[in-house]
Colleague: 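What follows is a single structure, and I will ask about it in a moment.
In listed order, ligands and their atoms are each counted from 1. If you read the sequence from its start, that first residue is 1, and numbering goes on from there.
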Amino acid sequence: MPLVASDDALAPILDLARDLAEGAGAIQRERYETDLRIDTKSASIDLVTEVDRACEKLIVEGIEAARPDDAILAEEGHGEDHDAPFRWIIDPLDGTTNFAHGFPRFCVSIGIERRAAQGDYERAIGIVYDPLLDERFEAVQGDGAWLRDRRLAVSPETEWGRALVATGFAYDVHRSEDDNLESFRNVVKSARGIRRDGSAALDLCYVAAGRVDAYWELKLHPWDVAAGYLILEEAGGRVTDFVGGPPDRSGREVASSNGALHAALLERIVRTP
Ligand code: IPD
Ligand code: CA
Ligand code: CA
């Protein structure tokens with residue numbers, strides 16, 4: 001049985017998010033390994049392609065047409081972020097470097113937050129769609145995390161020495177001393193293996209699915225993590241900052257695991273000023 005939203009208010013929003021994620025994914029599938037216009041953003045290694053923009057346009061126009069009052073925070077700047085009962089946080093193409101190189105690992109990420117009673121927002125829906133594998137990871141708060149008909153659960157691993165761990169590096173890695181390399185070394189020297197696959201949203205989903213046991217990264221952005229946090233939490237995983245505090249929505253410090261290995265992960269990743 002696939003995911004069904006038990007909250008009637010969320011069911012139509014989940015359907016819309018699924019349609020838009022798959023619509024953007026279809027663009028990515030079609031344009032994969034074709035000639036692309038590629039520009040740079042914050043650094044020479046921070047790429048954006050015409051496909052990032054086309055996917056974002058499709059998603060944002062779809063939301064604006066169906067739900068004009070909702071707020072939108074999208075990586076490439078479409079839509080309008082404001083106070084509203086629902087807020088969509090969108091990474092139209094997570095894994096742009098992979099996409100530009102023909103490395104088959106990228107996705108669409110859509111997180112939806114709902115305004116809670118105190119005016120704060122809580123995570124309500126998360127969808128991460130990998131168009132090449134046709135894998136749609138999804139979660140609704142309280143209803144679990146799912147991949148197709150399978151309810152997701154994190155791995156049962158308890159031994160750090162048997163852990164497969166994922167990470168990534170920020171686009172300022174050439175010039176910043178806060179470069180993740182000390183943590184990277186600590187993990188390489190102690191865990192079973194490490195992966196740097198280039199899509200933060202999929203990395204979080206892979207912890208949720210038990211494909212990796214832990215994942216950490218620094219200097220991410222809200223659109224990288226909005227969907228993945230909920231999918232991971234609904235799969236029984238844990239996400240915190242680098243000292244075990246509540247995860248920051250900004251994605252500045254992301255330490256995630258199956259829960260059992262969280263202390264072992266935090267021991268090895270360093271917070272640099
Ligand atoms: C990037 C990817 C990558 C991570 C970077 C992100 P983008 O997102 O998630 O894995 O290491 O920090 O910025 O630019 O491909 O959307
Ligand atoms: Ca991203
Ligand atoms: Ca992106």
Side-chain angles (χ1 to χ4, degrees), residues 20-21 24-25 27-28 31-32 36-60 72-79 88-111 126-132 137 165-176 178-181 183-184 187 194-208 211-212 214-229 231-232 239 242 247-256 269:
L20 296 174
I27 299 178
Q28 294 173 13
R31 296 299 314 275
Y32 182 55
L36 293 173
R37 186 197 148 109
I38 302 175
D39 299 313
T40 58
K41 297 198 286 186
S42 64
S44 62
I45 58 169
D46 181 4
L47 310 180
V48 59
T49 74
E50 57 189 298
V51 176
D52 298 62
R53 296 194 178 102
C55 290
E56 187 166 298
K57 192 163 176 288
L58 176 133
I59 296 168
V60 169
I72 298 171
L73 174 64
E75 179 175 13
E76 311 307 340
H78 295 87
W88 297 63
I89 305 172
I90 299 154
D91 192 334
L93 202 179
D94 184 50
T96 297
T97 306
N98 289 344
F99 188 79
H101 283 257
F103 185 94
R105 191 175 150 87
F106 48 84
C107 63
V108 184
S109 174
I110 300 180
I127 301 215
V128 172
Y129 181 56
D130 173 339
L132 295 184
F137 299 87
V165 184
T167 189
F169 296 91
Y171 291 124
D172 66 0
V173 68
H174 288 182
R175 53 187 149 83
S176 171
D178 189 13
D179 56 13
N180 202 24
L181 286 173
S183 307
F184 185 77
V187 173
I194 193 157
R195 298 289 179 268
R196 193 292 187 246
D197 273 354
S199 165
L202 282 174
D203 289 329
L204 286 164
C205 292
Y206 278 28
V207 183
R211 293 174 179 177
V212 296
Y215 159 68
W216 91 97
E217 187 159 348
L218 64 158
K219 303 184 202 169
L220 289 170
H221 295 96
W223 41 82
D224 298 309
V225 298
Y229 277 179
I231 293 167
L232 176 61
V239 56
F242 286 179
D248 182 342
R249 269 199 180 80
S250 72
R252 229 183 52 79
E253 288 185 351
V254 178
S256 73
I269 54 179

Colleague: If we set the cut-off at 4.0 Å for heavy atoms, which region of Asp91 has an atom near ligand 1: side chain, backbone, both, or neither?
Modeller: side chain
Colleague: My understanding is that only one of Asp52, Thr97, Asp94, Leu132 makes a side chain to side chain contact (heavy atoms under 4.5 Å, CB included) with Phe106; could you say which?
Modeller: Leu132
Colleague: Using a plain distance cutoff, I'd like to know if Thr97 has any nitrogen or oxygen under 3.5 Å from a nitrogen or oxygen of ligand 1.
Modeller: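 Looking only at distances, the answer is no, because the N/O contact criterion of under 3.5 Å is not met.
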Colleague: Using a 4.0 Å cutoff against the non-hydrogen atoms of Asp224, which atoms of ligand 1 qualify?
Modeller: 8 (O)
Colleague: Short list, please: which atoms of ligand 1 are under 4.0 Å from a heavy atom of Phe169?
Modeller: 11 (O), 12 (O)
Colleague: Just by distance, no angles: are the side chains of Ser176 and Asp178 close enough, under 3.5 Å, to form a donor-acceptor pair?
Modeller: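 Distance-only check fails for Ser176 and Asp178.
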Colleague: With only distance considered, is Tyr171 within less than 3.5 Å of ligand 1 through an N or O on each side?
Modeller: yes
Colleague: Looking only at distances, can you tell me whether any N or O atom of Ala170, backbone or side chain, sits closer than 3.5 Å to an N or O atom of ligand 1?
Modeller: no
Colleague: Under 4.0 Å from ligand 1, counting heavy atoms only, is it the side chain of Asn98, its backbone, both or neither?
Modeller: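 Neither part.
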Colleague: So does Glu75 have any N/O/S atom less than 3.0 Å away from the Ca ion (ligand 2)?
Modeller: no
Colleague: Are any of the heavy atoms in Leu93 under 4.0 Å away from ligand 1?
Modeller: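 Contact present.
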Colleague: Do Thr167 and Asn180 have side-chain atoms, one donor and one acceptor, less than 3.5 Å apart?
Modeller: yes
Colleague: Do ligand 1 and Glu217 have nitrogen or oxygen atoms that lie under 3.5 Å from each other?
Modeller: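 By distance alone, the answer is yes.
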Colleague: Out of Val254, Asp94, Leu47, who gets a non-hydrogen atom closest to atom 8 (O) of ligand 1?
Modeller: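 When every heavy atom of Val254, Asp94, Leu47 is considered, Asp94 comes closest to atom 8 (O) of ligand 1.
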Colleague: For atom 10 (O) of ligand 1, grab the closest protein heavy atom and report residue, atom and distance to one decimal in Å.
Modeller: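 Protein heavy atom with the smallest distance to atom 10 (O) of ligand 1: Gly198 C, 2.8 Å.
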Colleague: If I apply the N/O under 3.5 Å rule, does Ala201 come out as touching ligand 1?
Modeller: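 Between Ala201 and ligand 1 (N or O atoms, distance only) the closest approach is not under 3.5 Å.
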Colleague: Examine all N, O or S atoms of Pro92, backbone included, and report whether one is under 3.0 Å from the Ca ion (ligand 3).
Modeller: no
Colleague: Do any N/O atoms on Arg196 end up under 3.5 angstrom from N/O atoms on ligand 1?
Modeller: yes
Colleague: Locate the shortest heavy-atom distance separating Phe137 from Arg211; write the atom from each residue and the value.
Modeller: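 Minimum heavy-atom separation between Phe137 and Arg211: CZ-NH1, 3.7 Å.
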Colleague: Does Glu56 reach the main-chain N or O of His78 with its side chain, forming a donor-acceptor pair under 3.5 Å?
Modeller: yes
Colleague: Under 4.0 Å, counting heavy atoms only: does His221 come that close to any atom of ligand 1?
Modeller: no
Colleague: With side-chain contact (heavy atoms from CB on, under 4.5 Å) as the test, would you mind laying out the steps for Lys41 and Glu75 before giving the verdict?
Modeller: CA-CA 11 Å; Lys41 297 198 286 186; Glu75 179 175 13; 3.1 Å; yes
Colleague: Does Lys219 use its side chain to pair, donor to acceptor, with the backbone of Asp172 at less than 3.5 Å?
Modeller: no
Colleague: Going by the order shown, which atoms of ligand 1 are within less than 4.0 Å of some heavy atom of Thr96?
Modeller: 15 (O)
Colleague: For ligand 1, is there an N or O atom under 3.5 Å from any N or O atom of Gly168?
Modeller: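 Looking only at distances, the answer is no, because the N/O contact criterion of under 3.5 Å is not met.
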Colleague: Numbering the atoms of ligand 1 from 1, which are under 4.0 Å from a heavy atom of Glu75?
Modeller: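 Going through ligand 1 atom by atom, the ones under 4.0 Å from Glu75 are 16 (O).
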Colleague: Looking only at non-hydrogen atoms, find the nearest pair between Ala74 and Val60 and report the distance.
Modeller: CB-CG2, 4.3 Å
Colleague: Considering all heavy atoms of both residues, which atom of Asp248 and which atom of Tyr229 are nearest to each other, and what is their separation?
Modeller: O-OH, 3.5 Å
Colleague: If we check side chain to side chain contact (heavy atoms under 4.5 Å, CB included) with Ile59, which of these qualifies: Ile72, Ile90, Asp91?
Modeller: Ile90
Colleague: Distance under 4.0 Å to a non-hydrogen atom of Leu220: what atoms of ligand 1 satisfy this?
Modeller: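 Near Leu220, meaning under 4.0 Å from one of its heavy atoms, ligand 1 has 12 (O).
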Colleague: Looking at Leu36, is its backbone amide N or carbonyl O close enough to the side chain of Arg31 to form a donor-acceptor pair, meaning the two atoms are under 3.5 Å apart?
Modeller: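 Looks like no, no N/O pair under 3.5 Å.
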Colleague: What atoms of ligand 1 come within less than 4.0 Å of a heavy atom belonging to Ala200?
Modeller: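 Those atoms are 2 (C), 9 (O), 10 (O).
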Colleague: Does Arg53 CZ have over 12 foreign heavy atoms under 6.0 Å away?
Modeller: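 Yes, CZ of Arg53 has more than 12 neighbouring heavy atoms, counting only those of other groups under 6.0 Å.
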Colleague: Backbone, side chain, both or neither: what part of Ser199 comes under 4.0 angstrom of ligand 1, heavy atoms only?
Modeller: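 For Ser199, only backbone atoms sit under 4.0 Å from ligand 1.
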Colleague: Which one holds for Lys219 and ligand 1: side chain close, backbone close, both close, or neither close, with close meaning a heavy atom under 4.0 Å?
Modeller: neither
